[in-house]
Each structure stands twice: as C-alpha cells, then as structure tokens.
Amino acid sequence: MKKVLLTGFEPFLSNKTNPTMAIVQALNHTIIKEHIIIGEVLPVTFTGARAKLRALIEQEQPDIVIALGLASNRTTITPERVAINCMDGAPDNEGYFSQNEPIGNTAAYFSTLPIYQIVDALEQAGFEAKISNTAGTYVCNAVMYELLSITNEQLP
C-alpha cells in the first residue's frame with residue numbers, strides 16, 4: 001500500500017476557517033485505491049510549516065506528498081505550477097514579517113504533479129479548475145518550495 005502525505009493549513013489572517021484543514025482531517029487514515037492518506041495540518045508560519053513538513057516526510061516516508069493551500073480570493077481549484085524562492089507578505093501566525101526573503105538557493109521549482117490531468121479530472125467531475133502559475137509568496141509558496149527542494153535533494 002502506498003502512503004500519501006496530504007497537508008493543509010490552520011486558519012490565518014482574516015480567514016476564520018481554512019477548508020484545507022477540514023479536508024486533511026476528514027481524509028486522515030482513509031484508504032483510497034490502495035493509498036493510505038496521512039492528513040496533517042501545518043502551522044501558518046514561514047519557519048514552522050517548513051520544519052513540520054520536513055519532519056513529517058522523514059517520519060512517514062511517503063510515496064506521494066500533496067500540499068493543499070488556501071487562496072481565499074480564488075473561486076476555482078487551482079493546482080500550482082511553480083514555487084518561487086521568495087517569502088513576502090503579511091505577518092504569519094507568529095507575527096513574523098518577511099519581505100523579499102529567500103527560502104533557499106534555487107530561483108524556483110516547478111510542480112512535479114500532472115497539473116493538466118488534475119484540472120481535466122476535476123472539470124470532468126464537475127468542479128471548476130484551472131492552473132495557477134504562481135503559489136504567491138506567502139507560507140503556501142514556502143511549503144511548496146520546501147517540498148520541491150526536498151524532492152530535488154533526493155534525486156540522484
């Protein structure tokens with residue numbers, strides 16, 4: 001059985017709830033087509049979210065990692081194409097304010113998920129979806145960047 005690490009986030013900024021939190025909690029420990037889902041909620045902090053993600057990957061050794069995020073101004077499901085090496089935006093949930101701060105050494109990482117197939121499958125299932133070309137610069141981007149950085153570290 002393959003293991004899928006599915007992450008979401010706690011509420012942040014003016015968002016009193018975060019649907020990604022409910023999704024990962026609802027799917028935690030479920031089995032879908034021979035995949036066990038390990039659902040985890042990440043803190044909305046630039047440092048804490050990345051550290052928890054690394055610890056979860058080390059502990060769980062997942063075959064697949066899917067990180068969900070909330071862009072409250074979007075009205076469709078938007079798989080991300082790229083994470084950029086930049087932390088910027090409003091203060092995180094610990095009050096840390098980052099402005100144009102690098103995450104690592106690589107300018108950007110592209111998603112390794114089949115984003116076109118994901119959009120097609122979502123649309124066929126009746127959901128509105130489109131590809132997003134940027135994960136922004138807030139904590140969701142930092143988590144995507146960290147995840148793809150880890151993936152690249154493990155490649156030969």
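For the single chain, residues carry numbers from 1 onward in sequence order.
- The structure places CD of E128 at 11.0 Å from CG of L122, a figure rounded to the nearest 0.5 Å.
- We find the CD-CD1 distance between E123 and I77 to be 10.0 Å, quoted to the nearest 0.5 Å.
- When the shell of 6.0 Å around NZ of K130 is examined, it contains 12 or fewer heavy atoms from other residues, nucleotides or ligands.
- By the rule that hydrophobic residues join a cluster once side-chain heavy atoms approach within less than 4.5 Å of another member, I84 and I131 end up as members of separate clusters.
- The residues K2 and E60 are annotated as not salt-bridged, no charged nitrogen and carboxylate oxygen being separated by less than 4.0 angstrom.
- Using cut-offs of 30° and 60° for the angle between ring planes, the F12 and Y138 rings count as tilted.
- Hydrophobic clustering (ILVMFWY, side-chain heavy atoms < 4.5 Å, transitive): I38 and V143 are in one cluster.
- The closest donor-acceptor contact from the side chain of T151 to the backbone of L147 lies under 3.5 Å.
- Counting only distance, with no hydrogens or angles, the side chain of T137 and the backbone of C86 share no donor-acceptor pair below 3.5 Å.
- Residue-environment remark: CG (N133) exceeds the threshold of 12 foreign heavy atoms within 6.0 Å.
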Derivation of the side chain to side chain contact (heavy atoms under 4.5 Å, CB included) call for F9 and M21: CA-CA 5 Å; F9 287 103; M21 185 173 169; over 6 Å; no
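- Under a 3.5 Å cut-off, the side chain of D92 and the backbone N or O of G95 do form a donor-acceptor pair.
- Using modelled atom types, one side-chain atom of N152 and one backbone atom of L148 make a donor-acceptor pair closer than 3.5 Å.
- Under a 3.5 Å cut-off, the side chain of T76 and the backbone N or O of A129 do not form any donor-acceptor pair.
- Between the N141 side chain and the A83 main chain, no donor and acceptor come within less than 3.5 Å of each other.
- Using modelled atom types, one finds a donor on one side chain and an acceptor on the other under 3.5 Å when comparing N93 with E10.
- Hydrophobic clustering keeps I118 apart from I64 (ILVMFWY residues linked when any side-chain heavy atoms are closer than 4.5 Å, directly or through intermediates).
- Remark: E34 CD is loosely packed, at most 12 non-hydrogen atoms of other residues, nucleotides or ligands lying under 6.0 Å away.
- In this structure, P43 and G48 approach most closely via the heavy-atom pair CG-C, 3.7 Å.
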For a side chain to side chain contact (heavy atoms under 4.5 Å, CB included) check, start with the C-alpha distance between L70 and N15, then their side-chain angles and the critical distance, and finish with the verdict. CA-CA 9 Å; L70 170 64; N15 301 292; 3.9 Å; yes
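- Atom OH of Y116 sits in a sparse spot, with 12 or fewer heavy atoms from other residues, nucleotides or ligands closer than 6.0 Å.
- Atoms CZ and CD, on F46 and E101 in that order, are 8.0 Å from each other to the nearest 0.5 Å.
- Shortest non-hydrogen contact noted between L5 and E40 is CD1-CG, 4.1 Å.
- In this structure, I36 CD1 and L6 CG are separated by 12.0 Å, a value rounded to the nearest 0.5 Å.
- Taking all atoms of both residues into account, the shortest heavy-atom contact from I115 to P79 is CG2-CB, 3.9 Å.
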Could you go through E146 and Y109, starting from their C-alpha distance and side-chain angles, then the distance that decides it, and tell me whether this counts as side-chain hydrogen bond (donor to acceptor under 3.5 Å, both in side chains)? CA-CA 9 Å; E146 189 76 16; Y109 289 110; over 6 Å; no
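- Checking side-chain atoms of N85 against main-chain N and O of G104 turns up a donor-acceptor pair under 3.5 Å.
- Within the model, atoms CD of Q25 and OG1 of T20 stand 9.0 Å from one another, a figure rounded to the nearest 0.5 Å.
- Counted by atom type alone, S132 and E80 present one or more donor-acceptor pairs between their side chains at under 3.5 Å.
- When hydrophobic clusters are built by joining Ile, Leu, Val, Met, Phe, Trp and Tyr residues whose side-chain heavy atoms come closer than 4.5 Å, directly or via intermediates, V65 is not grouped with I37.
- A single hydrophobic cluster is seen to contain both M1 and L56, as judged by linkage of ILVMFWY side chains at heavy-atom distances under 4.5 Å, directly or through other members.
- One N or O on the side chain of S111 and one on the backbone of L113 form a donor-acceptor pair closer than 3.5 Å.
- Separating the NZ atom in K52 from the OG1 atom in T7 is a distance of 9.5 Å, to the nearest 0.5 Å.
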